[in-house]
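Following: one structure in structure tokens, then a few remarks.
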Amino acid sequence: MIRLRKLARAASLFTTPLAPEDFLALFNPVFSTRQLRGVVTRVVPETADSATIFFRPGRGWQAHKAGQWARIGVELDGVFHWRSYSLSAPAGQDPAITVSDVGAVSGALVRNTKPGDVLFLAPPQGDFVLPEHPRPLLMLTAGAGITPVMSMIRTLVPHRPDSDVELIHSARTPADSIFREELAELADQFPNLKVTDWYTSERGRFDFSSSKELDALCPDWRSRAAYACGPEGFLDDAESLWSAEAAAAARNGGKSPEGPFAADPVNLIIERFTTSLAGGDAHDGGLVTFEASDREVEADGATPLLDVGEDAGLLMPSGCRMGICHSCLIPLRAGHVRDLRTGEVHGEPGQLIQTCVSAAAGPVNLDI
Ligand code: FES
């Protein structure tokens, strides 16, 4: 590495105005001092509309923890897009993302990615990770929500015989169930993992309106640290059940009438892929000026400014697109915006605006 740096310094004398890393990248596509990159090593189909993409990251990548996610940048028809994906590989191994064919960017990744392709990357992040101290776990997942949990199971189950993991995974049919065969094999091989497949085409949606189904499948669920990942409605329902149990436990002096239950909300840890953006419904928008790009667009009061900018052909910074990662911040020059999660209107000149969850509330001038 030291030799490489010396070479780069010497090379810079001859390569101006191009930086030496531009030339090194010709020989090693993940070499860049400016942008973290990874080269695709393998693409494995999972179901008819999902695939796992393994990649070898270049320097600057920090090893991921099981359950974390990363932003992946891809170029589509000349426009650069960033999306966030959970990492499905176990901790300690080269990363992988498991992508479902939903939306233009994910669809292109599933259908077109091949070994040797270069992905743009941002470092792994997220708090949806295994507890620091071992304790019995309950994993509740639906659809693509299995992805971060698969990383946790692969990391924990084969290496910690003292771990105790129960997974209830909901999918529409067996054919739609990502990792179904691997999970069945792991459960056969390791007595510390129990897997329940819940197919909604046969049994309907998992019912969180009472504890009946959980009691039947996992009688000690109240004493487990629970993790949930899946679509919005699935997570809202799980959250409601845990809140109701916590409230009942609080009324009962910290104990659930059905057994031990710590009222601490950390008992259920949730990872959301989307967020509700209904706060702008029925409100007026306004004229959005993208000052540095010299572009003006009329926007309604419910469309995120990130979408407004992209629809106008601008290269907008973005990441999770749901108000978590703060990659989409743009300084406000003038005007007011509405937070689409809460409906709250705010705006001070110079304030950084989360464009993925903010819409115009009257004329807006953004510094991009
Ligand atoms: S893109 Fe992540 S907060 Fe906006």
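Atoms considered below: every heavy atom in the structure, side chains included; atoms not considered: hydrogens, waters and symmetry mates. As the structure lists them, so they are numbered: ligands from 1, and atoms in each ligand from 1.
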Legend entry - Flag side-chain contact, heavy atom, 4.5 Å: E344 against R338: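 Of all side-chain heavy-atom pairs linking R338 with E344, none is under 4.5 Å.
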Inset, instruction - Check ligand 1 against G323 and write out every atom of the ligand that is under 4.0 Å from a heavy-atom position of the residue. - result: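 Under 4.0 Å from G323, ligand 1 has these atoms: 3 (S).
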Legend entry - ligand 1 atoms in contact with Q354 (distance to a heavy atom under 4.0 Å):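 Listed by number with element, the hits are 3 (S).
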Legend entry - Minimum heavy-atom distance between L138 and C218, given as atom pair plus value: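 It is CD1-SG, 4.2 Å.
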Legend entry - Angular separation of C356 SG and C328 SG about atom 4 (Fe) of ligand 1, given to 10°: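 That angle works out to 110° after rounding to 10°.
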Inset, instruction - For T303 and D300, test the side chains for any donor-to-acceptor distance below 3.5 angstrom and give the result as yes or no. - result: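 The answer is yes; a qualifying pair exists.
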Inset, instruction - Could you tell me whether E298 atom CD has more than 12 heavy atoms of other residues or ligands within 6.0 Å of it? - result: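 Atom CD in E298 is crowded, with more than 12 foreign heavy atoms closer than 6.0 Å.
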Legend entry - atom 4 (Fe) of ligand 1 reached by H326 (N, O or S, under 2.8 Å):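 No N, O or S atom of H326 is closer than 2.8 Å to atom 4 (Fe) of ligand 1, so no.
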